[in-house]
Amino acid sequence: METVKLTIDDKKIEAPKGSTVYQAAKLLGIDVPTLCYMHLHDMNIENKPGGCRICVVEVQGRRNLAPACSTKCEPGMVVKTHTTRVLNARTTVMEFLLSDHPKDCLVCPKSGSCDLQDMAHRLGIREIPGQEYAEVSTYRKDTSPSLVRDLDKCIMCRRCETMCNEVQTVGALSAFNRGFMAAVGPAFEQNIEHSSCTYCGQCVAVCPTGALTEVNHVPHVLKALADPSKTVIVQTAPAVRAALGEEFGIEPGTLVTGKMAAALRALGFDYVFDTDFAADLTIMEEGTELLDRLSRHLNGDKTARIPILTSCCPGWVNFFEYYYPDMKDVPSTAKSPQQMFGAIAKSYFAEKKGIDRNDLVVVSIMPCLAKKYECQRDEFAVNGNQDVDFSISTRELAAFIKQANIDLKTLADEDFDAPLGESTGAGVIFGTTGGVIEAACRTAYEIFTGKKLERIDFTELRGMEGVRSATLDFNGTPIKIGIAHGLGNARKLLDEVKSGKSDFSAIEVMACPGGCIGGGGQPLHHGDSKILKARAAALYQEDRQKPLRKSHENPFITKLYEEYLGKPGSEKAHHLLHTHYFDRKEQILVKK
Ligand code: SF4
């Protein structure tokens, strides 16, 4: 049999002469998406008009994209099947097809086995351009920086209301109107952005329809990746690696850290970094602040605000800014790891690489929907250029990987890039309830006592009870720690602080039940605590496997301070790594 040698997605193949690129890719196990193409093997019938253009690929040396189903293999051909240019072209083709298609999918006889619908899902299409205008009479949509509420899709199950009001005590969602106009949302005629919503996303995690979803940042990321003038870097939050695999049928609690790094590189990111690096940095700043306040308090300084509250969860920040604005000097002023990363990336890293910050795009992969809002806050930008440009959730990343036809399961593990990808075990456990304060205590103990911490695991801070406390012995000084996850639980501790009854030295609060492992952007866990516990166990496993487990031992953090920041709490560190808080109700009124 005569053959043709060519390369597809960097893999060499000898395909039978006369094969199409689609057939050769298939021999390599590469699944190029198709719509109009059909092959009925046993009947020897093949339909390959190359008409729909969904199967387009990039062929080196050709200006135009080529349909894989009807392009013949040629000797020496070099083909790429899932570049950002190809993905963008497929999306555009699909949007055209959908714009001209009836939208009765719920009751269509083909629903559930419709190739068009499956393809739209595979390509991550969430909106059909022009649809809003075509259906203006009934279309009721409310978009905020993090969440989208589509009132037409609300079936009044009121699951979201239970999460928002009973679990989180946020009070942003309630039923209004009657009959056909009935829906759940902020009080009549108010939208999410101008309500008490914290963007924790727990409503999205339980909504049985598409009435509540996250704002999709993937198209923006795709556009940036396709722009040769931009350097696009990515950071991944700790909780993502413990849950991403679930979207690919991998057992909950399986770490996919190395596969995730490999997938991000395959998607085209120029540098793959880790938010855990910034978590270590957070500990340096927050720990310094804790020790400063603690020492002053122990020396009788009445102005020292104790307990200190953690500030790395933007859902929690939104909550206290709305409900407890008179206490906004109590939380730590340290920025969240996402924002510390962005600030360092667009200053230290950009300067080191000689990249103008306007040409550097920072993308974050987060378990969290509140991070989308957080990165758009005015104070986290320099001359209108955000420190973090786009934030996509774990679910969005999974969809993006599938869209690019990357098989996560079979990827070989890869490492993060240096220097912003290097972290200790302390940074990893940020992703679960109790982890932030445990990481802080590992460092604070050694600095406060001047002694080496022998027992690194503060197991007394771990667990899944909604409100927990433990007293640690800092060489004879008792340090009482409080922990709350879920905003309803946080409210209990905060009310105690407000009334002066709290005797805690420090309190960790995470807005989502379980902490970030149960974030609103994670694969849906349907309230199954076994899944949350498995994810937490995975993070503790990664922590144990790390050669360094205390943030202040991270040599790349030490270097960052030596080369750039000075010391923790310095003026430069304050300028780049700390923030301030607002009275959110007042701010909403001004913005309205
Ligand atoms: Fe986001 Fe984590 Fe806070 Fe949830 S707990 S709002 S996922 S930072």
Side-chain angles (χ1 to χ4, degrees), residues 6-13 15 19-39 48 50 52-60 65-71 73 77-95 97-98 114-126 216 218-219 221-226 232 234 244-250 256 258-269 272 363 365 392 394-414 523:
L6 69 159
T7 307
I8 306 179
D9 292 348
D10 301 322
K11 293 178 186 154
K12 299 210 180 307
I13 176 144
S19 306
T20 61
V21 169
Y22 171 77
Q23 287 165 333
K26 206 162 181 190
L27 288 174
L28 282 169
I30 298 167
D31 181 19
V32 177
T34 59
L35 253 187
C36 65
Y37 176 76
M38 174 182 77
H39 189 190
K48 46 180 179 180
C52 74
R53 317 303 274 191
I54 285 290
C55 69
V56 287
V57 294
E58 229 174 316
V59 179
Q60 203 179 73
L65 297 176
C69 75
S70 58
T71 301
C73 294
M77 210 178 207
V78 177
V79 179
K80 295 271 187 196
T81 67
H82 290 88
T83 60
T84 44
R85 184 179 168 212
V86 164
L87 296 183
N88 278 321
R90 285 181 191 150
T91 302
T92 307
V93 165
M94 197 64 201
E95 284 172 352
L97 284 171
L98 293 177
C114 171
D115 290 352
L116 189 69
Q117 196 177 36
D118 289 349
M119 188 57 67
H121 185 67
R122 178 173 172 176
L123 297 180
I125 311 275
R126 298 263 197 100
N216 185 10
V218 173
V221 176
L222 250 175
K223 208 170 155 203
L225 287 170
V232 190
V234 65
L244 178 67
E246 292 166 32
E247 290 282 322
F248 297 85
I250 297 173
V256 293
K259 291 183 187 304
M260 176 180 69
L264 290 166
R265 220 162 262 127
L267 283 170
F269 288 98
V272 179
V363 177
I365 315 290
I392 68 175
T394 312
R395 289 195 300 271
E396 285 170 275
L397 173 63
F400 192 13
I401 292 172
K402 289 175 190 171
Q403 183 185 350
N405 216 30
I406 296 166
D407 184 1
L408 187 90
K409 272 184 174 170
T410 61
L411 288 177
D413 286 357
E414 289 182 17

Taking every non-hydrogen atom, the tightest pair across [X] and [Y]:
{"X": "T20", "Y": "A68", "answer": "CB-O, 3.6 Å"}
{"X": "V93", "Y": "C52", "answer": "CG1-O, 2.9 Å"}
{"X": "S19", "Y": "Q23", "answer": "CA-OE1, 3.4 Å"}
{"X": "A412", "Y": "A262", "answer": "O-CB, 3.4 Å"}
{"X": "I8", "Y": "A25", "answer": "CD1-N, 3.6 Å"}
{"X": "I406", "Y": "A263", "answer": "CD1-O, 4.0 Å"}

Under 3.5 Å, side chain of [X] to main-chain N/O of [Y], donor-acceptor pair present?
{"X": "K259", "Y": "K409", "value": "yes"}
{"X": "D9", "Y": "T81", "value": "yes"}
{"X": "K11", "Y": "G29", "value": "no"}
{"X": "T83", "Y": "V86", "value": "yes"}
{"X": "E247", "Y": "L244", "value": "no"}

To the closest 0.5 Å, what do you measure between [atom1] ([X]) and [atom2] ([Y])?
{"X": "L397", "Y": "K402", "atom1": "CG", "atom2": "NZ", "answer": "10.5 Å"}
{"X": "E95", "Y": "R90", "atom1": "CD", "atom2": "CZ", "answer": "14.5 Å"}
{"X": "K12", "Y": "L6", "atom1": "NZ", "atom2": "CG", "answer": "9.5 Å"}
{"X": "R53", "Y": "C69", "atom1": "CZ", "atom2": "SG", "answer": "8.5 Å"}
{"X": "M77", "Y": "T71", "atom1": "CE", "atom2": "OG1", "answer": "6.0 Å"}
{"X": "L264", "Y": "F400", "atom1": "CG", "atom2": "CZ", "answer": "9.0 Å"}

Minimum side-chain heavy-atom gap [X]-[Y] below 4.5 Å:
{"X": "I54", "Y": "Y37", "answer": "no"}
{"X": "M260", "Y": "L411", "answer": "no"}
{"X": "E58", "Y": "L65", "answer": "yes"}
{"X": "P33", "Y": "H82", "answer": "yes"}
{"X": "D115", "Y": "L35", "answer": "yes"}
{"X": "T34", "Y": "C55", "answer": "yes"}
{"X": "Q403", "Y": "L222", "answer": "yes"}
{"X": "I401", "Y": "F248", "answer": "yes"}

| query | Taking it one step at a time, do R122 and N405 satisfy side-chain contact (heavy atoms from CB on, under 4.5 Å)? | reply | CA-CA 9 Å; R122 178 173 172 176; N405 216 30; 2.8 Å; yes
